[in-house]
Amino acid sequence: MPRRAGALLDPASASRYLTTPLMDKPRVRFAPSPTGYLHIGGARTALFNWLWARKTGGTFVLRIEDTDQERSTDASTRVILDSMRWLGLDWDEGPGVGGPHGPYFQMQRLDLYAAHADRLVAEGKAYRCYATREEIDALRMKLPEKKRDGFVYPHLWRDKTEADWIPNAPYVIRFKTPLAGATEFVDKVFGAIKTPHASIEDFVIIRSDGVPLYNFGAVVDDVTMNITLVARGSDHIINTPKQILLYQALGAAVPEFAHLPMMQSPAGRKLSKRVGDEQGVDVPVEKYQQNGWVPDGLLNYIARFGWSAGDQEIFSRDELVAKFDWANCGTGDGRYDKKKALWVSGEHLKRLTDEDFAARVYPFLARVGVTIGADDPRLLPAARTVKTRSARLLDAAEAMAFYFNDITLDPAAAEKFLTDDAKANLRAMAELLDGVADFTDAGIGAAVEAWLAERALDIKIVAQPARVALTGRTASPGLYEVIAVLGREVAVRRLRAAAGA
RNA sequence: GCCACCGUCGUCUAAGGGCCAGGACACCGGAUUUUCGUUCCGGUUGAUGGGGGUUCGAAUCCCUCCGGUGGUGCCA
């Protein structure tokens, strides 16, 4: 494993760059592309940036990188923003809130990119390339098959001058990458990373339609938005040298960089939505919302992925803010672990107050066919009985449904437990409950225990049949609490129905 | 192919030259319990990718091989 930040640069070979002067407060950003949904890995990137901003009193900027016009949609922007809000990752500048460095959509900043690109061209640091895609492809195809993969743009227009420009013909703008030397930077997570310029081709910074490509748009924005620390997935490590070259060409201070290892599928694949579906992992953040995760639970799981603080596993949002640091980020890619994710979710549910838990479960009740009012007096006591046995709110709602809706007996359970002897006991129990004065968990328990003692019956004999009769299933919260929440009328009716059937 | 990065229990991680490689999830066993779950206890159940070095001593430093990931686009 490489030494993290602090590894030495080789001053002789690296082209040095300006270090961001220690400014007052960090400015970080999250810059998603609106091409679908908020990816769980993207949420993690956003979270780490947000944590750093909140911890340091810095600024968290949200920017929408919508320059891929083929795939970007407004609907997607809304979905991403909604997921960010649901997670509680509020941004200080960006869509909806504005800010002094807007607009925060790249397609509304085209003039800015053009101006910067033109300046680079004027200064000889970039150049117009009139070679068409077809032309370049033809050159590539001329190579022997084995060498085609290694084809790089052959500097066709690198040394041409304005006199060579073709009037009215489309062109792209390419960056004039230094032919020799190397660019090295010290990543806050990965340590020193060095890339020889020879391995960087003269990459396109502006398309023929005037729209910038990722590397250029991101740099111009990060410069003009005064971003001091760029934190993103390690898939961008490869882009960093190009971007540093761009900062230097623009005469701008180079920000700090922090890359995060990738979150892979359980089988170690790239975590795309399709792969996630195949391997049982929810990739879009909206799915977690729909399945009844609490935001802090999701944040906890993804924070703890690639980062740690001693042996602690469960963190509140505030603890995350207090304890987060780039130095405790690891470098190895990791695999999503669904079981652990669910465990973390459940731990967060357990830590909710009963009232809070009930209020959060309520919206999910409708999803499982329960239509009660938010002020239904059974809601809180019912919710309380399933809180510690559910991993997500949707699971809790499902586990609670029997309290409110008519039940159907699980056939296998009925077959096994609703024997003639058991039915006789259920009738007797119904009788008993009818007369219990203190119809509470404790009161019912006392009455039933006394009744059992009187008849020399073991609770094990009557519990399961009663459970099946009352809930339809063999697994449920404690029998007495179930009865108490159900209420005398319903409990008695269900016992008799099962006994009579 | 080339470039960059990464490699500790099945999984997430700790230890960054020196006490049995620690914790968590998972898994197995047990206790408690009216079921499930919770909770508690136990686990020689389980790992430094392989091989070379350096060193009294290596998961840790060096070399090499292997493996994985990302990139190699007028995607981001």
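What's counted below: heavy atoms across the whole structure, side chains too, no hydrogens, waters or symmetry copies. Every chain is numbered from 1, with letters handed out A, B, ... down the list of sequences.
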Open item on the list: If the condition is side-chain hydrogen bond (donor to acceptor under 3.5 Å, both in side chains), which residues does D333(A) pass it with, not counting sequence neighbours?
Closed with: Q264(A)
Task: Candidates C3(B), G23(B), G37(B) - which lies nearest the side chain of T388(A) - done: G37(B)
TODO: Return the nearest nucleotide to the side chain of R304(A); candidates are A4(B), U35(B), G23(B).
DONE: G23(B)
- [ ] Select base, sugar-phosphate, or nothing to describe what P261(A) touches, counting heavy atoms under 4.0 Å on all strands.
- [x] nothing
Open item on the list: From C-beta outward on T195(A), which listed nucleotide comes closest to its side chain: A4(B), U35(B), U38(B)?
Closed with: A4(B)
Open item on the list: Using a 4.0 Å heavy-atom cut-off, does R335(A) contact any base of the nucleic acid, only the sugar-phosphate backbone, or nothing at all?
Closed with: sugar-phosphate
Task: Base of G23(B) paired with side chain of Q312(A) (donor-acceptor, under 3.5 Å) - done: no
- [ ] Please identify each residue that fulfils salt bridge (Lys or Arg N to Asp or Glu O under 4.0 Å) with E278(A), with sequence neighbours left out.
- [x] R274(A)
Task: E65(A): side-chain hydrogen bond (donor to acceptor under 3.5 Å, both in side chains) partners, not counting sequence neighbours - done: R63(A), Q106(A)
Open item on the list: Considering every strand and a 4.0 Å limit on heavy-atom distances, what is the contact class for G217(A): base, sugar-phosphate, or nothing?
Closed with: nothing
- [ ] Give a yes or no on whether a salt bridge exists between R427(A) and E431(A), defined as a side-chain N under 4.0 angstrom from a carboxylate O.
- [x] no
Task: Distance below 4.0 Å between S308(A) side-chain N/O and A14(B) OP1 or OP2 - done: yes
Task: K460(A) side-chain N/O to U33(B) phosphate OP1/OP2 under 4.0 Å - done: no
TODO: Please list, chain by chain and in numerical order, all residues satisfying side-chain hydrogen bond (donor to acceptor under 3.5 Å, both in side chains) with E415(A), sequence neighbours excluded.
DONE: none
Task: Any residue meeting side-chain hydrogen bond (donor to acceptor under 3.5 Å, both in side chains) with Q243(A), in chain and number order, not counting sequence neighbours - done: R232(A)
- [ ] Under 4.0 Å between any heavy atoms, over every strand shown, what does F203(A) touch: base, sugar-phosphate, or nothing? Just pick one.
- [x] nothing
Open item on the list: It should be established whether T331(A) places a side-chain nitrogen or oxygen under 4.0 Å from OP1 or OP2 of nucleotide G7(B).
Closed with: yes
Task: Nearest-angstrom distance from the residue atom CD of Q264(A) to P of G68(B) - done: 11 Å
TODO: Tell me what G478(A) touches on the nucleic acid: a base, only sugar-phosphate, or nothing, going by heavy atoms under 4.0 Å.
DONE: base
TODO: Measure from the side chain of E347(A), starting at C-beta and using heavy atoms only, and say which of A26(B), U39(B), A24(B) lies closest.
DONE: U39(B)
TODO: Salt-bridge test for D356(A) and R360(A): reply yes if a basic N is under 4.0 Å from a carboxylate O, no otherwise.
DONE: yes
- [ ] For G268(A) and for S390(A), locate the closest nucleotide of RNA chain B by heavy-atom distance; then report the residue assigned to the nucleotide nearer the 5' terminus.
- [x] S390(A)
Task: Per-nucleotide protein contact string for nucleotides 70-76 of chain B, where B marks a base within reach and S marks sugar-phosphate only (heavy atoms under 4.0 Å, - for neither) - done: BS-SBBB
